[in-house]
Amino acid sequence: MRTYGQRRVVITGQGVISPVGLSVQNFWDALLAGRSGVGPITSFDTTDLPVKIAGEVTGFDPLEYMPRTVSRRIDKYAQFAVAAAMQAIEDSKLVIDDANTHRVGVLIGSGYGPTALVQSGTLTLDERGHRALAPWLSAATSIDCAAGEIALKVGATGPSGAVSTACASGTSAVGEAMRMIQRGDVDAVIAGGADNSITSFDIGSTAMSRALSRRNDDPQRASRPFDKDRDGFVMAAGAGVLVLEDARSAERRGAPILAEVVGYGATSDAYHPTAPHPEGLGARRAMQLALDDASVAASEIDHINAHGTSTVLNDRTEAAAIRRVFGDHAPNIPITGVKSMTGHMIGAAGAVELIATVQALLTGIVPPTINCDDPEDAGLNFVPHRPQEHDIRVAMSNSFGFAGHNATLVVRRFEH
């Protein structure tokens with residue numbers, strides 16, 4: 001039963017910057033081809049690090065989306081967010097002008113934010129003192145920088161800000177944006193997630209938590225969600241941004257409606273800084289809350305885009321949680337782990353994976369989980385190796401983060 005108002009929320013635009021593509025179409029084509037974006041790290045010297053692989057974004061030119069003066073003062077994570085937002089707005093054909101500017105919000109999630117800029121600023125402070133710091137650095141090193149830059153660029157004067165729930169940030173941002181529209185705060189929100197955590201600090205510190213794969217000699221087979229031979233996740237960078245709108249507003253302006261967002265559930269494990277609850281209590285409750293919010297029965301779910309990090313604890317817990325929530329229907333559901341190809345984009349992951357979920361709704365094709373040779377649960381369909389065709393009307397996307405942040409979205413085909 002819906003409890004957050006009667007306004008329906010639809011997706012009218014999408015944008016992606018990822019290790020496997022710099023647009024939604026290129027990203028989607030790569031997923032269907034089973035093409036991995038993981039490779040040796042090229043952006044800094046990894047000689048002293050135990051992890052030397054990641055999903056870097058290559059071929060990205062920020063000047064296609066912003067002036068050089070802007071690209072020079074903001075972190076790459078914010079550049080990715082601005083680029084994905086501009087793609088999504090163009091896709092949606094949303095025009096922001098004096099008539100609607102105050103009815104458009106911006107909400108961008110990030111787990112780590114502008115860490116490269118923070119790292120370089122700290123080194124400058126240590127080596128040359130505070131007088132060497134740029135005057136714009138305090139604004140550019142805030143985690144709400146990406147949302148602020150997008151609002152500034154497109155002239156959106158509704159509420160804007162950041163959501164930070166670790167690896168669930170992108171999903172949380174879309175879910176909270178959905179609530180903003182349902183409450184009537186705004187008619188549209190530019191929402192998603194972005195991260196660029198491929199720095200020596202992030203790789204080094206996450207490696208010390210033992211969460212990262214050390215399959216340095218075989219990078220394209222390193223990310224292997226739900227495979228028994230997995231040894232950790234692969235850090236990646238990117239952004240996913242969607243335009244969410246009140247359905248009536250979107251229909252009035254003749255917008256291209258891609259899908260309807262019908263359910264959102266968010267919980268906390270309150271269990272451990274990095275490990276999920278061993279019985280998946282928070283994950284199960286997030287999925288059930290999203291189903292309840294959508295007024296959808298578990299048996300109606302046709303596809304799940306899993307969080308599927310490729311860590312033993314996450315994969316095992318998520319598979320068991322899906323078993324508990326979906327019961328006898330679980331083996332019928334194609335469950336895909338696209339991090340097998342993209343790596344783990346942290347705060348961007350949930351938004352990018354929601355876009356993959358929408359593409360599956362639109363096309364009836366579920367992208368594969370590559371490298372899933374010996375599945376964690378042989379009774380579940382992890383769509384190993386190759387894409388599968390399915391009639392998908394309702395789908396779910398999961399995101400579960402460090403500190404026990406859990407968020408789940410449910411989307412379905414839009415029907416008038």
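The shown structure was predicted, so the numbers you read here are calculated from the model rather than taken from an experiment.
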K.L.:
Does a side chain donor of either Thr101 or Thr157 reach within less than 3.5 Å of an acceptor in the other side chain?
P.N.:
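Indeed, the side chains of Thr101 and Thr157 share at least one donor-acceptor pair under 3.5 Å.
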K.L.:
Quick one: closest heavy-atom pair of Ala222 and Val234, and the distance?
P.N.:
CB-CG2, 3.8 Å
K.L.:
So, are Arg324 and Glu279 salt-bridged, with charged N and O less than 4.0 Å apart?
P.N.:
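Result for this pair is no, no salt bridge flagged.
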K.L.:
Run the side-chain contact (heavy atoms from CB on, under 4.5 Å) check on Val16 and Thr342 step by step: do they pass?
P.N.:
CA-CA 12 Å; Val16 170; Thr342 63; over 6 Å; no
K.L.:
May I ask you to check whether Gln119 and Ser200 show a side-chain donor-acceptor distance below 3.5 Å?
P.N.:
yes
K.L.:
Will you find, in the side chains of Asn305 and Thr336, an N or O donor that is under 3.5 Å from an N or O acceptor?
P.N.:
no
K.L.:
On a heavy-atom basis, which atom in Ile355 and which in Gly240 lie closest, and how many Å separate them?
P.N.:
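Minimum heavy-atom contact is CD1-CA, 4.2 Å.
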K.L.:
What class does the angle between the rings of His344 and His307 fall in, given that below 30° is parallel, 30 to 60° is tilted and above 60° is perpendicular?
P.N.:
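His344 vs His307 ring planes: perpendicular.
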K.L.:
Closer than 4.0 angstrom, basic N to acidic O: yes or no for Lys339 and Asp315?
P.N.:
no
K.L.:
Closer than 4.0 angstrom, basic N to acidic O: yes or no for Asp185 and Arg183?
P.N.:
yes
K.L.:
Indicate whether the side chain of Gln388 and that of Asn381 have a donor and an acceptor atom separated by less than 3.5 Å.
P.N.:
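Indeed, the side chains of Gln388 and Asn381 share at least one donor-acceptor pair under 3.5 Å.
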K.L.:
Please enumerate all residues that pass side chain to side chain contact (heavy atoms under 4.5 Å, CB included) together with Ala321, with sequence neighbours excluded.
P.N.:
Ala283, Arg284, Met287
K.L.:
For the residue pair Phe326 and His329, categorise the inter-ring angle as parallel (less than 30°), tilted (30 to 60°) or perpendicular (more than 60°).
P.N.:
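Aromatic pair Phe326/His329 classed tilted.
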K.L.:
With no hydrogens and no angle check, is any side-chain donor or acceptor of Asn398 less than 3.5 Å from a backbone partner on Ala306?
P.N.:
no
K.L.:
Have a look at Glu260 and tell me which of Arg412, Arg7, Arg393 forms a salt bridge (charged side-chain N to carboxylate O under 4.0 Å, His left out) with it.
P.N.:
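With Glu260 as partner, salt bridge (charged side-chain N to carboxylate O under 4.0 Å, His left out) holds for just one option, Arg412.
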K.L.:
When the ring planes of Tyr271 and His277 are compared, do they come out parallel, tilted or perpendicular, using 30° and 60° as the limits?
P.N.:
tilted
K.L.:
Under 3.5 Å, is there a donor on one side chain and an acceptor on the other for Arg285 and Gln288?
P.N.:
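Distance-only check fails for Arg285 and Gln288.
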K.L.:
Go through Asp227 and Arg221 one step at a time and tell me if the salt bridge (Lys or Arg N to Asp or Glu O under 4.0 Å) criterion holds.
P.N.:
CA-CA 11 Å; Asp227 182 78; Arg221 292 178 56 79; over 6 Å; no
K.L.:
Please assess Glu149 against Arg73 for the test salt bridge (Lys or Arg N to Asp or Glu O under 4.0 Å), listing each intermediate value before the final yes or no.
P.N.:
CA-CA 11 Å; Glu149 289 293 337; Arg73 68 175 165 78; 2.4 Å; yes
K.L.:
I'd like to know if Arg253 pairs up with Asp187 as an ion pair, taking the criterion as any Lys NZ or Arg NE/NH1/NH2 lying under 4.0 Å from an Asp or Glu carboxylate oxygen.
P.N.:
no
K.L.:
Would you name the heavy atoms of Ala236 and Gly343 that are closest together and state the gap between them?
P.N.:
CB-C, 3.7 Å
K.L.:
Return the set of residues passing ring pair (Phe, Tyr, Trp, His ring centres under 6.0 Å) with Tyr77 (not counting sequence neighbours), or none when no residue passes.
P.N.:
none
K.L.:
Short question: side chain of Ser169, backbone of Gly109 - any donor-acceptor pair under 3.5 Å?
P.N.:
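Checking the backbone N and O of Gly109 against the side chain of Ser169, no donor-acceptor pair under 3.5 Å is found.
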K.L.:
Could you tell me whether Lys76 and Glu56 have a side-chain N and a carboxylate O separated by less than 4.0 Å?
P.N.:
no
K.L.:
Could you tell me whether Arg413 and Asp391 make a salt bridge, using a distance below 4.0 angstrom between a side-chain N and a carboxylate O?
P.N.:
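Judged by the 4.0 Å cut-off on N to carboxylate O distance, Arg413 and Asp391 do form a salt bridge.
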K.L.:
Under the 3.5 angstrom rule, does the side chain of Thr317 hit a backbone N or O of Pro276 as a donor-acceptor pair?
P.N.:
no
K.L.:
So does Gly232 get a backbone contact from the side chain of Ser310, meaning a donor-acceptor N/O pair under 3.5 Å?
P.N.:
yes
